[in-house]
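In what follows, a structure is listed as structure tokens, so that the remarks can point back to it.
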Amino acid sequence: MKNTDREFDVIVWGATGFTGQLVAEYLVDAYGVGGDLKWAIAGRSADKLAATANSVAGNAADDLPQLIANSDDVDSIAALAEKTKVICTTVGPYALYGSVMVEACAKYGTHCCDLTGEIPWMRKMIDQHQTAAGASGAKIVFSCGFDCIPADLGVFFMQQSMLTKHDMPASEIKFRVVSNDGGVSGGTVATMMNMMEEVKHDASIVELLADPYALNPLNMPRGPDGPDQSGARYDTDFKQWTGPFIMAAVDTRVVRCSNALMKYRYGKDFRYNEAILTGDGPGGYVKALLVTLVTGVLGVTTAFGPTRNLLKSVLPSPGEGPSLETREQGSFEIELIAKHPDDAAKDLRARVTGDKDPGYGATSKMLAESAVCLALDDLEVGGGIWTPASAMGEKLIKRLQAKAGMTFDLI
């Protein structure tokens with residue numbers, strides 16, 4: 001069956017989980033039930049799906065289709081993929097539960113988007129399923145949440161602005177976190193812990209995680225970027241001290257991959273880096289040192305079994321996450337500087353913002369709109385494994401600004 005002839009536009013796979021329920025809740029609010037967008041929720045438990053439908057759709061719960069599938073049952077996953085244009089999956093850790101779905105989508109020409117930040121798993125899926133996805137027409141897009149849409153689409157927005165204004169791409173872009181207020185989900189904790197468990201069994205993962213171009217297509221030009229920032233540094237462009245940003249390990253790889261997938265639209269010598277702004281003067285320096293210390297301690301405690309188990313005991317469990325109040329009151333603000341290759345007077349500065357908790361309130365909206373974009377918008381790319389910018393670019397930016405509470409503005 002062709003992708004355009006499917007019963008549904010979008011199926012939310014993992015709708016009974018913490019983030020999956022937020023995605024379903026957003027789709028009800030933004031698109032309704034039984035409207036122009038044909039969508040359904042799916043999971044392992046009929047009882048939990050019914051409870052989710054009642055929670056998010058209220059009186060319209062009976063009109064929200066509920067589908068049963070299990071990641072351990074290959075046939076049920078295949079049947080799910082064949083029913084829809086897009087699988088919107090929140091079922092992680094993806095290294096444990098996502099591979100069967102990617103394989104099914106690549107086989108049946110079903111588009112797919114997720115929230116993964118698992119670099120080793122992403123690399124594995126690219127190597128295993130790029131050819132099949134290209135042949136079937138499936139557009140598979142990883143990292144459609146706070147990992148890595150603000151970074152990936154922020155850079156895309158800056159480069160498009162530089163090309164429009166100055167007819168050339170920026171040679172370097174800096175991504176700086178101004179504020180990032182929100183809570184932690186048990187699913188995120190489980191993903192982080194699982195990746196460290198994988199390192200224990202496969203030492204080559206350490207080398208892959210350290211590679212600045214870990215996701216780039218093989219045998220293609222890489223670029224001049226080195227390791228991510230790991231200490232306190234003063235940024236003369238922002239006139240503030242900066243500390244390491246923990247998500248840079250994923251964001252930067254996705255942005256560089258986007259550049260390669262878009263045939264080096266940003267240039268083969270393009271440079272990109274991320275950090276957290278901590279302020280000027282001695283106070284800013286101390287904050288940068290504290291950010292460095294916290295990041296380092298987190299890295300050490302997740303690397304070793306005993307301390308990893310201790311963290312598991314005090315952090316949220318899978319299915320748990322920040323409260324409604326935390327999600328509603330949360331927000332994020334990012335600033336970017338795009339540097340002109342020849343004339344600093346032509347450098348551009350932009351701001352990217354979100355109006356909810358970045359990890360869950362905002363992320364659920366980003367993922368939902370990514371799924372709708374894949375289902376309904378006329379995209380320029382064919383089948384394959386893509387990044388948000390290389391697959392959806394300007395069309396997703398417009399959706400996020402129109403519906404999902406995000407802004408992309410030149411300052």
Side-chain angles (χ1 to χ4, degrees), residues 147-180 211-216 220-280 284-285 288 291 332-353 387-390 393-394 397 406-411:
D147 278 354
C148 298
I149 278 180
D152 199 31
L153 292 186
V155 170
F156 180 90
F157 172 79
M158 292 297 281
Q159 290 289 20
Q160 291 296 96
S161 299
M162 185 67 81
L163 286 164
T164 299
K165 289 179 175 294
H166 303 306
D167 201 31
M168 63 176 58
S171 58
E172 178 182 1
I173 290 181
K174 295 181 175 182
F175 170 108
R176 298 291 181 261
V177 179
V178 178
S179 64
N180 178 18
D211 181 0
Y213 296 88
L215 297 179
N216 275 39
M220 290 181 69
R222 291 163 61 87
D225 280 326
D228 302 315
Q229 180 172 328
S230 59
R233 294 182 191 172
Y234 190 78
D235 190 317
T236 55
D237 291 308
F238 286 88
K239 296 181 174 56
Q240 291 191 49
W241 285 97
T242 67
F245 181 42
I246 193 167
M247 288 170 56
V250 182
D251 286 349
T252 57
R253 277 68 171 167
V254 170
V255 167
R256 293 168 192 143
C257 180
S258 289
N259 186 32
L261 292 174
M262 292 188 291
K263 300 179 180 179
Y264 299 97
R265 186 182 298 180
Y266 308 161
K268 291 182 179 178
D269 294 323
F270 170 65
R271 304 186 69 103
Y272 176 70
N273 62 80
E274 297 187 354
I276 296 176
L277 295 176
T278 59
D280 198 6
Y285 176 61
V291 169
F332 66 86
E333 180 179 341
I334 310 295
E335 288 192 9
L336 302 98
I337 283 181
K339 301 179 79 68
H340 189 278
D342 306 313
D343 185 353
K346 295 179 179 178
D347 291 354
L348 298 179
R349 189 161 176 164
R351 180 179 292 119
V352 177
T353 69
T387 58
S390 62
E394 184 66 30
I397 288 176
M406 287 187 68
T407 67
F408 296 77
D409 296 308
L410 291 176
I411 302 175

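What you see is a predicted model, and the numbers here were worked out from it, not measured in a lab.
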(request) For Lys339, enumerate each residue passing the side chain to side chain donor-acceptor pair (under 3.5 Å) test, keeping only those at least two apart in sequence or located in another chain. (result) Asp237
(request) Measure the shortest side-chain to side-chain distance between Leu277 and Phe238 over non-hydrogen atoms and say whether it is less than 4.5 angstrom. (result) yes
(message) When you compare the side chain of Pro221 with that of Lys268, does any pair of heavy atoms fall below 4.5 Å?
(response) yes
(request) In plain terms, say whether Arg176 and Glu335 are close enough for a salt bridge, that is, a side-chain N and a carboxylate O under 4.0 Å apart. (result) no
(message) If I take atom CD from residue Gln160 and atom OH from residue Tyr266, how far apart are they, to the nearest 0.5 angstrom?
(response) 7.5 Å
(message) Using every non-hydrogen atom in the two residues, find where Gly226 and Pro212 come nearest and quote the distance to one decimal.
(response) O-CG, 3.4 Å
(message) Using 0.5 Å steps for rounding, measure from the CE atom of Met406 to the CG atom of Leu153.
(response) 7.0 Å
(message) Minimum heavy-atom separation for Gly243 and Thr278, please, with both atom names.
(response) N-CG2, 4.2 Å
(request) Rounded to the nearest 0.5 Å, what's the gap from CZ on Phe245 to CD1 on Ile334? Could you check? (result) 6.0 Å
(message) Is any side-chain heavy atom of Val155 closer than 4.5 Å to one of Ser258?
(response) no
(request) Identify, with sequence neighbours excluded, every residue that meets side chain to side chain contact (heavy atoms under 4.5 Å, CB included) alongside Arg233. (result) Gln229, Thr242
(request) Enumerate the residue pairs fulfilling salt bridge (Lys or Arg N to Asp or Glu O under 4.0 Å) with a member in residues 254-267, sequence neighbours excluded, ordered by first and then second residue. (result) Asp225-Arg256
(request) Taking Arg222 for its side chain and Asn216 for its backbone only, find out whether a donor-acceptor pair lies under 3.5 Å. (result) no
(request) Quick one: closest heavy-atom pair of Gly231 and Pro244, and the distance? (result) O-CD, 3.7 Å
(request) Report yes or no: do Thr353 and Thr407 form a side-chain donor-acceptor pair below 3.5 Å? (result) yes
(request) Start with the C-alpha gap between Leu410 and Phe157, add the side-chain angles, then the distance that decides, and say whether side-chain contact (heavy atoms from CB on, under 4.5 Å) holds. (result) CA-CA 9 Å; Leu410 291 176; Phe157 172 79; 4.1 Å; yes
(message) As an exercise, state the distance from CD of Gln159 to CE of Met262, rounded to the nearest 0.5 Å.
(response) 8.5 Å
(request) Quick one: do Thr387 and Ser390 satisfy side chain to side chain donor-acceptor pair (under 3.5 Å)? Show the steps, please. (result) CA-CA 5 Å; Thr387 58; Ser390 62; 2.7 Å; yes
(request) Measure the spacing between CD1 of Ile173 and CZ of Phe156 and express it to the nearest 0.5 Å. (result) 11.5 Å
(message) Could you check whether any side-chain heavy atom of Asn273 comes within less than 4.5 Å of a side-chain heavy atom of Thr252, counting everything from C-beta outward?
(response) no
(message) I'd like to know if the side chain of Gln240 reaches the main chain of Tyr234, judged simply by a donor and an acceptor atom lying under 3.5 Å from each other, with no hydrogens or angles considered.
(response) no
(request) For Val255 and Phe270, work out which heavy atoms get closest and say how close. (result) CG1-CE2, 4.1 Å
(message) I'd like to check Lys346 versus Lys165 (side-chain heavy atoms, cut-off strictly below 4.5 Å). Are they in contact?
(response) no
(message) Once side chain to side chain donor-acceptor pair (under 3.5 Å) is applied, do any residues pair with Tyr272, and if so which ones, sequence neighbours excluded?
(response) Glu274
(message) Tell me if the OH atom of Tyr285 is crowded by more than 12 foreign heavy atoms within 6.0 Å.
(response) no
(message) Tell me if a side-chain donor or acceptor on His166 pairs with a main-chain N or O of Met168 at a distance below 3.5 Å.
(response) no
(request) Look up atom CG in Asp152 and atom CD1 in Ile397, then write down how far apart they are to the nearest 0.5 Å. (result) 9.5 Å
(message) I'd like to know if Arg349 pairs up with Asp409 as an ion pair, taking the criterion as any Lys NZ or Arg NE/NH1/NH2 lying under 4.0 Å from an Asp or Glu carboxylate oxygen.
(response) no
(request) Specify the closest pair of heavy atoms between Arg351 and Glu333, including all atoms of both residues, with the distance to one decimal. (result) NE-OE2, 2.9 Å
(request) With sequence neighbours excluded, tell me which residues meet ring-ring contact (aromatic ring centres under 6.0 Å, His included) with Tyr264. (result) none
(request) List for me each residue that meets side chain to side chain donor-acceptor pair (under 3.5 Å) alongside Asp147, sequence neighbours excluded, and say none if there are none. (result) none
(request) Would you mind checking if Asp347 and Lys174 are paired as a salt bridge, meaning a charged N to carboxylate O distance below 4.0 Å? (result) no
(request) Mark yes when over 12 heavy atoms from residues, nucleotides or ligands other than Asp167 sit less than 6.0 Å from its CG; otherwise mark no. (result) no
(request) Can you see which heavy atom on Cys257 is nearest to which on Leu215, and at what distance? (result) SG-O, 3.4 Å
